[in-house]
Amino acid sequence: MKAWVLHDINDLRWEERNLPAPGEGWVRVRVIAAGVCGSDLPRIFQTGAHRMPLVPGHEFAGEVDLVGAGVEGLARGQRVSVFPLIPCRKCGPCRMGHVEMCRDYDYVGSRRDGAFAEFVTIPAWNLLKLPDNVSDEAGAMMEPLSVAVHAMRTGTGSGSQELPKEATVAVCGLGPIGFALILFLMQRGYRNLYLIGNKDFQKNRAVSLGIPEERFFDSRQGDAASWLYEMTGGTDLFFECTGRNEALSIGVEGAGPAGRIVLVGNPHGNMALDRQIYWKILRNQLSLSGIWNSFYNGTPEDDWHYAMGLLQSGQIKPESLITHRYALSELDRALSVMQDSGQDHCKVMLI
Ligand SMILES: [Zn+2]
Ligand SMILES: [Zn+2]
């Protein structure tokens, strides 16, 4: 088979590899669609992966090609989406059913070979069947969509603790996860949304989703924290999706009393807060929560089934977030689009 293999930092090659064979309980999947994630850029060009050589790619959908021994209920040709984390099943979080916090996990596309290849092997437990009316592209977006669901549920809470629908909610950082969050928040009934981005096309995209133009602030054009506080009178819920100091500060300064802040973005460097910003966390009794990956336990309660249910009923249409499509063999072109800050892009898909 053909695969993109990362041999070293900034050494990614399109080459011939042996077809992987699925072991007991595992399945070989033929990759049909694979999303390129923002986290693939530093992995390929700056830091390298945990193990190399490695085939990157962790957001994908495909069809079952070959099932290993002991696998039931999955036939060749079954379309599937894939939860990319393979838990150890022994550590504390795994025993609690929260494998997203597993202490010793394996991960398709960062720790073991992933989806930028024609075929990949994965445990049957990690597969979700794709309903007929859910596209391959939507299936390939299940991972980032589920991360957005995880962030939303963490921020809005549930049951009697659920944030009222009239609450003011801000999303800072409008990449694929930020926009996916907006889709899920709107579907959930939150209408007082405030967006902070830094590109004109993000504003156009927000307007096309029905967000009033004046609810979008371009952080290149002034003090986003003052804007946010003036617009909302103090935000009830703020999603930080950039991993930058400035954005975290905007969240704290823009927050109202007892405001909630959800930290979603991977940090670009050390995160530090000015003293007067830190004071506001104390004085406003803010809650800061981190999220990591998404909640998956194979039951209807998990984030993946939540997202899949909304795809199946047509209430979330994530294909609108795709701005670029390339063939698998054109991954190099896809990466150069994402590296070029002058190029407007949201989700970049190999299909
Ligand atoms: Zn990702
Ligand atoms: Zn574990």
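Just follow the structure's listing: the first ligand is 1, and inside any ligand the first atom is 1.
Side-chain heavy-atom separations under 4.5 angstrom define the hydrophobic clusters, and the remaining members of the one that includes Trp14 are Trp4, Val5, Leu6, Leu12, Val36, Leu41, Ile44, Phe45, Met52, Val55, Phe116, Tyr326, Leu328, Leu331, Leu335, Val337, Met338, Val348, Leu350.
The side chain to side chain donor-acceptor pair (under 3.5 Å) contacts involving residues 67-86 comprise Asp65-Arg76, Arg79-Asp136, where partners must be two or more places apart or lie in separate chains.
For the side-chain contact (heavy atoms from CB on, under 4.5 Å) test, residues two or more places apart in sequence or in another chain that qualify with Asn198 are Gln202, Asp218, Ser219, Arg220.
Around the Zn ion (ligand 2), the protein contributes the following N, O or S atoms at distances under 2.8 Å: Cys88 SG, Cys91 SG, Cys94 SG, Cys102 SG.
Side-chain polar atoms of Glu301 and Thr299 form a donor-acceptor pair below 3.5 angstrom.
Rounding to the nearest 0.5 Å gives a distance of 8.5 Å between CD1 of Ile196 and CG of Leu174.
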With salt bridge (charged side-chain N to carboxylate O under 4.0 Å, His left out) as the test, would you mind laying out the steps for Lys203 and Asp200 before giving the verdict?
CA-CA 5 Å; Lys203 180 179 180 173; Asp200 293 336; over 6 Å; no
